[in-house]
2 protein chains.
Amino acid sequence: MKQDFQQILRGLNLKSTPKRVVLLEVLDDESVYLSPEDIWNRMKKRFRRLGLPTVYRNLEELYAGGVISRVIHPNRQLYYYLCRNEEHHHHFICVSCRRVVDVSFCAEKELQDVVREGIQGKVLSHILQINGLCRHCLQKDGAVHAY
Amino acid sequence: MKQDFQQILRGLNLKSTPKRVVLLEVLDDESVYLSPEDIWNRMKKRFRRLGLPTVYRNLEELYAGGVISRVIHPNRQLYYYLCRNEEHHHHFICVSCRRVVDVSFCAEKELQDVVREGIQGKVLSHILQINGLCRHCLQKDGAVHAY
DNA sequence: TGATAAATAGAAACAGTTTTCATTTAAGGA
DNA sequence: TCCTTAAATGAAAACTGTTTCTATTTATCA
Ligand SMILES: [Zn+2]
Ligand SMILES: [Zn+2]
Ligand SMILES: [Zn+2]
Ligand SMILES: [Zn+2]
């Protein structure tokens with residue numbers, strides 16, 4: 001497990017530091033997306049000294065390396081999520097409890113076609129995210145917080 | 001045209017002020033997405049005094065009213081775009097020249113199915129955006145700026 | 001074990017965005 | 001047309017999430 005993370009870091013040419021490994025452990029322990037500050041707070045329980053910029057830097061490196069994914073939130077803050085699913089896929093996010101669920105459906109091919117034929121451009125990336133309420137939050141009656 | 005914008009503002013229960021009308025004119029004149037500051041700069045040519053917060057406030061109101069759309073950008077800044085297309089649709093954005101092109105394709109139904117059956121949750125909204133390079137930018141050889 | 005580049009802490013800076021509040025203006029009715 | 005009133009605005013200040021800077025520490029590898 002920890003071994004696992006060290007492998008991942010090596011693969012990205014990043015040194016396997018204790019903080020990076022714990023960052024990944026923190027993300028791996030959660031089934032919800034977290035803000036950099038959330039992650040910092042969890043990590044601080046395990047380090048006497050830990051700077052918030054370190055968290056930001058490492059999150060960005062891991063995101064750039066494709067190890068973690070970002071969540072797009074209406075409040076425009078950054079949120080990250082670690083997903084072990086190696087296949088191309090997207091996410092359903094619960095705007096109430098922040099749970100993330102994989103959605104394997106993707107219209108990638110159709111989008112490529114539209115762009116190639118209609119727009120005659122080139123697709124660099126695509127964003128697909130479903131925002132909603134998960135089963136659990138639906139049951140807790142309509143008690144939806146903001147949004 | 002201007003009449004048109006006044007109608008739109010009335011429809012949202014917003015007073016038809018000169019600044020709101022000009023804001024819409026500015027957006028309507030562009031086929032690219034603009035930042036609040038871009039819009040402010042264009043609007044300032046037509047008003048002696050104009051505060052940036054006014055631009056932010058109005059953009060947000062118009063976005064909330066569904067009159068303009070936001071662009072999701074890797075740099076996480078706000079960008080807005082006025083689109084006359086009333087049908088449900090999404091956008092291809094050129095990350096180089098900021099051009100926006102409507103994409104009518106949407107897998108809404110499939111997404112609904114996935115969420116209802118697999119997740120047993122409820123879809124509140126979905127984000128679909130294609131980031132790429134438009135025809136014009138592809139031709140100007142591979143001179144892609146950042147991103 | 002020592003050399004070296006990479007990673008980190010802490011503090012400060014930053015930039016885009018939002019709030020506050022006094023003043024102005026649009027809208028609707030007398 | 002003139003008033004009244006709620007809504008909109010400008011200017012300045014505050015905010016806050018994020019990034020930069022630099023001296024110090026640490027992982028890696030010979
Ligand atoms: Zn939920
Ligand atoms: Zn996933
Ligand atoms: Zn459109
Ligand atoms: Zn282009």
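As the structure is a prediction and not an experimental result, all values here were calculated from the model. Scope of the values below: all heavy atoms of this structure, side chains included, with no hydrogens, waters or symmetry mates. Here is the naming used below: chain letters follow the sequence lines, and residue numbers restart at 1 for every chain.
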Quick one: does any side-chain atom of [X] pair with a main-chain N or O of [Y] as donor and acceptor, under 3.5 Å?
| X | Y | result |
| --- | --- | --- |
| A/Ser69 | A/Tyr81 | yes |
| A/His136 | A/Cys134 | no |
| A/His73 | A/Asn75 | yes |

Check nucleotides 13-17 of chain C against the protein and report each pair of N or O atoms closer than 3.5 Å, with its distance, or say if there are none.
from, atom 1, to, atom 2, distance (Å)
C/dT17, OP1, A/Arg76, NH2, 3.0
C/dT17, OP1, B/Leu78, N, 3.1
C/dT17, OP2, B/Tyr56, OH, 2.4
C/dT17, O5', B/Tyr56, OH, 3.3

Measure from [atom1] on [X] to [atom2] on [N] and round the result to the nearest Å.
| X | N | atom1 | atom2 | result |
| --- | --- | --- | --- | --- |
| A/Asn13 | C/dA5 | CG | C1' | 13 Å |
| A/Leu12 | C/dA7 | CG | P | 11 Å |
| A/Leu62 | C/dA7 | CG | P | 11 Å |
| B/Arg57 | C/dT18 | CZ | P | 11 Å |

- Query: Considering only side-chain heavy atoms of A/Pro53, which listed nucleotide, C/dA7, C/dT20, C/dG10, is closest?
  - Reply: C/dG10

- Quick one: how far along DNA chain D does chain A reach, first to last nucleotide 5' to 3', anything under 4.0 Å to a heavy atom? D/dG17 to D/dT28

- Item | Sole residue of B/Ile72, B/Val71, B/Val100 in side-chain contact (heavy atoms from CB on, under 4.5 Å) with B/Tyr79 | B/Val71

- Quick one: are B/Leu9 and B/Leu62 in side-chain contact, heavy atoms under 4.5 Å? yes

- Task: Decide yes or no for A/Phe92 and B/Val114: does some side-chain heavy atom of the first lie under 4.5 Å from some side-chain heavy atom of the second?
- Result: no

- Message: Is it true that A/Tyr80 and A/Glu60 share a donor-acceptor pair across their side chains at a distance under 3.5 Å?
- Response: yes

- Query: Hey, mind stepping through A/His126 and B/Asn131 against side-chain hydrogen bond (donor to acceptor under 3.5 Å, both in side chains) and telling me if it holds?
  - Reply: CA-CA 6 Å; A/His126 64 285; B/Asn131 304 321; over 6 Å; no

- Task: Report the C-alpha distance between A/Arg98 and A/Glu30 in whole Å, list the side-chain angles of each, state the deciding distance to 0.1 Å, and finish with yes or no for salt bridge (charged side-chain N to carboxylate O under 4.0 Å, His left out).
- Result: CA-CA 10 Å; A/Arg98 297 184 171 191; A/Glu30 289 286 353; over 6 Å; no

- Task: Report the residue from B/Arg20, B/Lys15, B/Lys19 that forms a salt bridge (Lys or Arg N to Asp or Glu O under 4.0 Å) with B/Glu61.
- Result: B/Arg20

Each nucleotide N or O in nucleotides 24-27 of chain C that has a protein N or O under 3.5 Å away: list the pair and distance.
from, atom 1, to, atom 2, distance (Å)
C/dA26, N3, B/Lys15, NZ, 3.3
C/dA27, OP1, B/Ser16, N, 3.0

- Message: Atom CD of residue position A/Glu86 - does it have more than 12 heavy atoms of other residues, nucleotides or ligands inside 6.0 Å?
- Response: no

